[in-house]
Amino acid sequence: MSIRENLHSIKSTLPAHVTLIAVTKTQPLDKLMEVYDAGHRIFGENKVQELVEKQEALPKDIEWHLIGHLQTNKVKYIAAFISLVHSVDSLKLLQEINKQAEKNNRIINCLLQIYIADEDTKFGLSFSEAEELINSEELIVLKSIKITGFMGMASNTGQKEQIANEFRSLKRFYDKSRSFSAFNVELNNLSMGMSSDYPLAIENGSTLVRVGSSIFGERSNLRS
Ligand SMILES: *Cc1c(COP(=O)(O)O)cnc(C)c1O
């Protein structure tokens with residue numbers, strides 16, 4: 001199937017409350033334009049440099065999401081345009097995003113990345129660390145960020161029940177946390193699910209799915 005057909009067939013299965021992020025990492029610009037020309041406007045990248053290059057080259061009505069690990073010294077490169085950072089995993093990073101957002105006269109929406117997988121290769125906060133961050137004194141002074149939800153990645157395993165349990169654990173934490181609200185905390189987004197597991201993520205409460213290879217085909221390993 002073509003990229004356009006893949007995109008439409010995925011979109012046709014999504015409930016209305018679920019937003020698709022087309023994960024464009026390692027894909028060349030002409031493939032991104034195929035997705036754009038098919039009417040899609042929400043793109044996700046996992047590396048800052050690639051994100052910046054693509055943002056400069058492509059139409060300006062694209063909404064860019066950063067889905068990969070973000071180092072504090074790179075926040076300045078994306079602060080002027082980023083729509084949502086999915087991968088905030090420390091107060092220090094949040095403080096830097098706040099500083100750069102302020103310089104750009106913007107409010108930057110952020111998700112806290114929560115560690116739910118049974119692996120030691122993935123970034124993220126534990127539930128208790130996230131809870132502590134949301135309730136911390138230091139957060140109150142950050143006027144140029146907004147925490148709008150959580151992101152989680154399930155284990156890379158064929159065990160569906162394990163994946164479902166991991167998604168469910170994050171959904172429970174999200175539901176519990178939603179009663180907390182502040183001017184810069186309003187939890188409305190749960191980013192869970194990629195090509196291999198997004199239907200399961202949606203069943204378990206995801207509102208944002210990050211899908212790459214099911215749209216573009218398998219990535220070559222050259223750049224990822
Ligand atoms: C690459 C990536 C995805 C998409 O992966 P696919 O398997 O290609 O759908 C989703 N989320 C993150 C954080 C990624 O790095």
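We're numbering straight along the sequence, starting at 1. Numbering of ligands and ligand atoms starts at 1, following listing order.
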Which atoms of ligand 1 sit under 4.0 Å from any heavy atom of Ser195?
6 (P), 7 (O), 8 (O), 9 (O)

With distance as the sole test, does Arg178 use its side chain to make a donor-acceptor pair with the main-chain N or O of Leu187 at under 3.5 Å?
yes

Compute the shortest N/O to N/O distance between Arg210 and ligand 1 and return yes if it is under 3.5 Å, no if not.
yes

NZ of Lys74: more than 12 outside heavy atoms within 6.0 angstrom?
no

Checking heavy-atom distances from atom 14 (C) of ligand 1 to each of Lys25, Lys47, Met192, Met194, the winner is Lys25

Starting from atom 7 (O) of ligand 1, what is the nearest protein heavy atom, named by residue and atom, and what distance separates them?
Ser213 OG, 3.5 Å

Using only heavy-atom distances, determine whether the side chains of Gln71 and His69 contain a donor-acceptor pair under 3.5 Å.
no

Could you tell me if any non-hydrogen atom of Met153 lies under 4.0 Å from any atom of ligand 1?
yes

Among all the protein's non-hydrogen atoms, which is closest to atom 13 (C) of ligand 1, and how far away is it?
Ile67 O, 3.5 Å

Measure the CG-OG distance between Leu133 and Ser90 for me, rounded to the nearest 0.5 Å.
8.0 Å

Could you tell me whether Val211 and ligand 1 have an N or O pair separated by under 3.5 Å?
no

Treating Ser195 as the side-chain partner and Ser214 as the backbone partner, does any N or O pair qualify as donor plus acceptor under 3.5 Å?
yes

Checking side-chain contact (heavy atoms from CB on, under 4.5 Å) for the pair Phe216/Thr24: CA distance, chi angles, key distance, verdict?
CA-CA 8 Å; Phe216 293 100; Thr24 54; 3.8 Å; yes

